[in-house]
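Have a look at the structure below before the remarks.
Below, chains carry the letters A, B, ... as their sequence lines are ordered, and counting in each starts from 1.
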Amino acid sequence: MPDSGSRFRLRALRRAELPEGTIGLARFLIGKWVVHDVDGIRLSGRIVETEAYPVGDAACHAFRGRTARNGSLFLERGHAYVYFNYGMHFLLNVSSESSGRGCGVLLRALEPRDGIAAMQRRRGATRVQDLARGPGRLAQALGVDLRHDGVDLCAGGALRLAVSNEKTGRIGRSVRIGLSREAHRVLRFFERGNPHVSGPKRLRET
DNA sequence: CGGCTGATGATCT
DNA sequence: GATCATCAGCCGG
């Protein structure tokens with residue numbers, strides 16, 4: 001498996017390393033990696049933007065209880081919750097608390113690392129800066145879809161979370177993007193100054 | 001850069 | 001029938 005990211009001493013994240021609260025996990029995941037080995041190619045990137053959807057948040061898909069769609073949010077932290085949004089995009093989340101508590105962290109943007117040419121083929125020729133800038137683009141670049149809903153991201157499978165020895169930049173926070181409910185809550189996290197972060201400029205500075 | 005619009009389909013009321 | 005954790009394209013400043 002190609003592994004240009006190995007120059008950063010990448011290793012898989014264990015579940016025990018993940019903070020147990022949703023908001024803490026959203027912050028923790030900034031600077032960590034998502035890796036997807038698919039069709040003999042490694043696709044990966046550093047997470048540079050997340051949003052927390054904690055228990056009791058009216059914007060969280062699990063707010064009204066468990067349904068066929070949102071079941072993965074109720075898995076122990078570190079599992080993928082993937083859903084289909086606006087009739088055309090898949091969005092990748094990480095379940096964030098103990099089994100039975102429905103909540104998660106949306107992965108909103110990556111700084112692409114391994115498999116950039118392959119990700120560009122999946123997305124259509126796009127500048128690297130826009131390859132995984134936004135949650136729909138992120139899933140498309142990584143080849144993530146409903147087949148990955150419920151996958152354990154800490155189990156060493158093809159799709160997984162990882163950490164490198166790089167330093168993470170200063171972390172900013174803001175309100176979340178694209179919501180009508182609970183729109184005022186400051187639950188979005190991002191690496192400040194990173195050009196791969198999505199959203200309007202005013203939400204990339206604080 | 002910011003702002004707007006249409007595309008497109010699952011989910012829930 | 002309304003809503004929706006989006007995106008690409010287009011327009012104006």
Problem set entry | Same cluster (ILVMFWY, side-chain, under 4.5 Å), A:L203 and A:V186 | yes
Problem set entry | Rounded interatomic separation in angstrom, taking CD from A:E182 and C1' from C:dA5 | 13 Å
For this session: May I have the distance from A:D149 (atom CG) to B:dT11 (atom C1'), rounded to whole angstrom?
Result: 14 Å
For this session: Using the side chain to side chain donor-acceptor pair (under 3.5 Å) rule, take A:R108 and A:S198 through it: C-alpha gap first, then chi angles, then the decisive distance, then the call.
Result: CA-CA 7 Å; A:R108 286 197 55 93; A:S198 79; 3.2 Å; yes
Exercise. Using 30° and 60° as the class limits, which term best fits the ring planes of A:F90 and A:F84: parallel, tilted or perpendicular?
Worked result: tilted
For this session: Establish, yes or no, whether a centroid distance under 6.0 Å links the rings of A:Y83 and A:H61.
Result: yes
Exercise. Using a 3.5 Å cut-off on both pairing distances, which stems of three or more Watson-Crick or G-U pairs include DNA chain C?
Worked result: B:1-7 with C:6-12, B:9-12 with C:1-4
Exercise. What integer distance in Å separates A:R64:CZ from B:dC12:P?
Worked result: 10 Å
Exercise. Is a salt bridge present between A:R133 and A:E49, judged by a nitrogen-to-oxygen distance below 4.0 Å?
Worked result: no
Exercise. What one-letter contact string describes nucleotides 6-13 of chain C from 5' to 3', where B marks a base within less than 4.0 Å of any protein heavy atom, S marks contact via sugar-phosphate atoms alone, and - marks no contact?
Worked result: BSS-----
Exercise. Do A:P19 and A:F28 have side chains that get closer than 4.5 Å, going by heavy atoms?
Worked result: yes
Exercise. Hey, is CZ on A:R147 packed in by over 12 heavy atoms from elsewhere, all under 6.0 Å?
Worked result: no
Exercise. For C:dT3, does OP1 or OP2 lie under 4.0 Å from any side-chain N or O of A:S180?
Worked result: no
Exercise. Just wondering, more than 12 heavy atoms not from A:R64 lying within 6.0 Å of its CZ?
Worked result: no
Exercise. Can you find a heavy atom in the side chain of A:L107 that is under 4.5 Å from one in the side chain of A:V34?
Worked result: yes
Exercise. Is any side-chain heavy atom of A:V144 less than 4.5 Å from a side-chain heavy atom of A:L159?
Worked result: yes
Problem set entry | Sub-4.0 Å heavy-atom contacts from residues 66-77 of chain A onto DNA chain B, ordered by number | A:T67, A:R69
